[in-house]
Amino acid sequence: MSAPLICPSILASDFARLGEEVQAITAAGADFVHIDVMDGHFVPNITIGPEVVKALRPHTTLPFDVHLMVSPVDSFLEAFRAAGADYMSVHPEAGPHLHRTLKQIRHLGAKAGVVLNPATPVEVLDWVIDDIDLVLIMSVNPGFGGQSFIESQLRKIEAVRRRLDAIAHPAILQVDGGVNAQNARACVDAGATALVAGTAVFKGGASAYADNIKTLKGL
Ligand code: DX5
Ligand code: ZN
């Protein structure tokens, strides 16, 4: 089993020093930079817009994995892509038309992801399976960092893994929310190939990031 991609969520970083934080996780061995975009409407919090993403772009060559908790989302896709998003992941509930949104993301030249909230059934993937490059399983309800991992989502990771394997689908299977050294292995065993982690990467300050990332990779 190969080591999972580690995608630090910069929501847990020092926002006053965001550029340096992105450089630090890059040097520490991160694979993607996970950027949580919250609109204060789809989720009860407001975070980052395209201007911030654009300002961060020169600080790393790592892919920007932009998690859009925005409803409706379509009118923002172009701006995030122009700002440097490589992956854009959307929630089916954010609407209005998931299939159209995914097509638009790919049309813009980015990779398209679908995000499943803890209560969202895996069947939502069935009719868009050819339009996705990434599936993100939320192991917390979206809106905040630092929440506790919802164990039932391990079964959902397994269910999505089976669906992808059945058709040899190459999508990244990512988990987000409350991922830490205690549950990272279980996520990978269930079939995850990428782990998002905020708190577990950024704890202890920059000198700890490399060890934190290694631990999550299981190295
Ligand atoms: C929650 C976000 C997550 C979160 C992860 O809505 O999508 O990316 O910030 O943070 P931790 O790892 O602290 O749960
Ligand atoms: Zn996220």
Side-chain angles (χ1 to χ4, degrees), residues 4-15 18 21-22 25 28 30-50 52-53 56 62-71 73 76 80 85-94 105 110-120 132-154 156-157 172-188 192-205 208-209 211-213 215-217:
L5 301 169
I6 303 299
C7 319
S9 162
I10 59 170
L11 193 57
S13 72
D14 179 352
F15 270 28
L18 217 38
E21 291 278 64
V22 166
I25 54 168
D31 296 291
F32 288 1
V33 180
H34 185 83
I35 303 176
D36 287 306
V37 177
M38 304 186 185
D39 69 349
H41 164 72
F42 182 65
V43 289
N45 198 0
I46 297 178
T47 56
I48 289 170
V52 176
V53 175
L56 289 176
L62 292 181
F64 276 179
D65 157 33
V66 179
H67 176 188
L68 294 165
M69 289 161 271
V70 176
S71 175
V73 69
F76 293 98
F80 279 104
D86 298 287
Y87 286 78
M88 291 194 273
S89 299
V90 298
H91 290 251
E93 298 87 352
I105 292 171
K111 305 273 192 195
V114 172
V115 191
L116 305 184
N117 276 340
T120 305
I132 58 180
D133 303 288
L134 180 150
V135 179
L136 169 52
I137 308 294
M138 289 304 296
S139 40
V140 298
N141 287 292
F144 302 95
Q147 303 182 80
S148 298
F149 187 90
I150 300 171
E151 293 287 329
S152 63
Q153 299 308 300
L154 288 171
K156 192 190 281 180
I157 298 166
I172 291 171
L173 180 47
Q174 192 180 45
V175 189
D176 183 9
V179 173
N180 58 33
Q182 284 69 48
N183 55 38
R185 182 61 201 254
C187 293
V188 173
T193 53
L195 305 176
V196 175
T199 311
V201 167
F202 287 97
K203 68 177 184 192
Y209 296 169
D211 279 346
N212 293 344
I213 288 171
T215 302
L216 290 170
K217 275 189 184 275

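In each ligand, atom 1 is the first atom listed, and ligand 1 is the first ligand listed. Predicted model, so just to flag it, every value in this text is computed and none were measured.
At the shortest separation from atom 1 (C) of ligand 1 among protein heavy atoms lies Phe144 O, 3.5 Å. Closest to atom 12 (O) of ligand 1 among all protein heavy atoms lies Gly198 N, 2.8 Å. Protein heavy atom at the shortest distance from atom 14 (O) of ligand 1 is Gly178 N, 2.8 Å.
Going from atom CG of Leu216 over to atom CG of Asn180 covers 7.5 Å, rounded to the nearest 0.5 Å. Separation of atoms NZ (Lys217) and CG (Asn212) is listed at 13.5 Å; rounding is to 0.5 Å. Atom-to-atom distance recorded for Thr199:OG1 and Gln147:CD is 9.5 Å, nearest 0.5 angstrom. For the atom pair Phe32 CZ and Ile172 CD1, the distance stands at 4.0 Å (nearest 0.5 Å). Thr120 OG1 to Met138 CE: the interatomic distance, rounded to the nearest 0.5 Å, is 10.0 Å.
Of the candidates Gly146, Gly143, Ser148, it is Gly146 that places a heavy atom closest to atom 11 (P) of ligand 1. Closest heavy-atom approach to atom 5 (C) of ligand 1 among the candidates Asn117, Asn141, Val201, Asp176: Asp176. For atom 9 (O) of ligand 1, the candidate residues are Leu11, Leu136, Ile10; the nearest heavy-atom contact is made by Leu11.
Near Gly177, meaning under 4.0 Å from one of its heavy atoms, ligand 1 places the atoms 14 (O). Every atom of ligand 1 with a heavy atom of Val196 under 4.0 Å away is listed here by number and element: 8 (O). Residue Met138 has at least one heavy-atom neighbour below 4.0 Å for each of these atoms of ligand 1: 7 (O). Using a 4.0 Å cut-off to heavy atoms of Pro142, the atoms of ligand 1 that qualify are 6 (O). Heavy-atom contacts of His67 reach the following atoms of ligand 1: 7 (O) (cutoff under 4.0 Å). Less than 4.0 angstrom separates some heavy atom of Met69 from each of these atoms of ligand 1: 6 (O), 7 (O). Near His34, the atoms of ligand 1 lying under 4.0 angstrom from a non-hydrogen atom of the residue are 8 (O). Taking a cut-off of under 4.0 Å to the non-hydrogen atoms of Ala197, the atoms of ligand 1 that pass are 12 (O).
Contacts between Thr199 and ligand 1, counted as non-hydrogen atom pairs separated by less than 4.0 Å, involve both the backbone and the side chain.
Looking at every heavy atom in both residues, Lys203 comes nearest to Ala208 through O-CB, 3.6 Å.
The aromatic rings of His91 and His67 lie parallel to each other, their planes meeting at an angle below 30°, with 60° marking the opposite boundary.
Among the candidates Ile48, Ile10, Val33, the single residue satisfying the side-chain contact (heavy atoms from CB on, under 4.5 Å) test with Leu56 is Ile10. Asp31 pairs in a side-chain contact (heavy atoms from CB on, under 4.5 Å) with only one of the listed residues (Ile25, Leu62, Leu5), which is Leu5.
Rounded to 10 degrees, the NE2-metal-OD2 angle spanning His34 and Asp176 at the Zn ion (ligand 2) equals 100°.
With a 4.5 Å cut-off on side-chain heavy atoms, Val135 and Val114 do not count as touching.
Take the N/O/S atoms of His67: the one nearest the Zn ion (ligand 2) is ND1. The N, O or S atom of Asp36 lying closest to the Zn ion (ligand 2) is OD1.
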Could you walk me through whether Ser89 and Val66 pass the side-chain contact (heavy atoms from CB on, under 4.5 Å) check?
-> CA-CA 6 Å; Ser89 299; Val66 179; over 6 Å; no

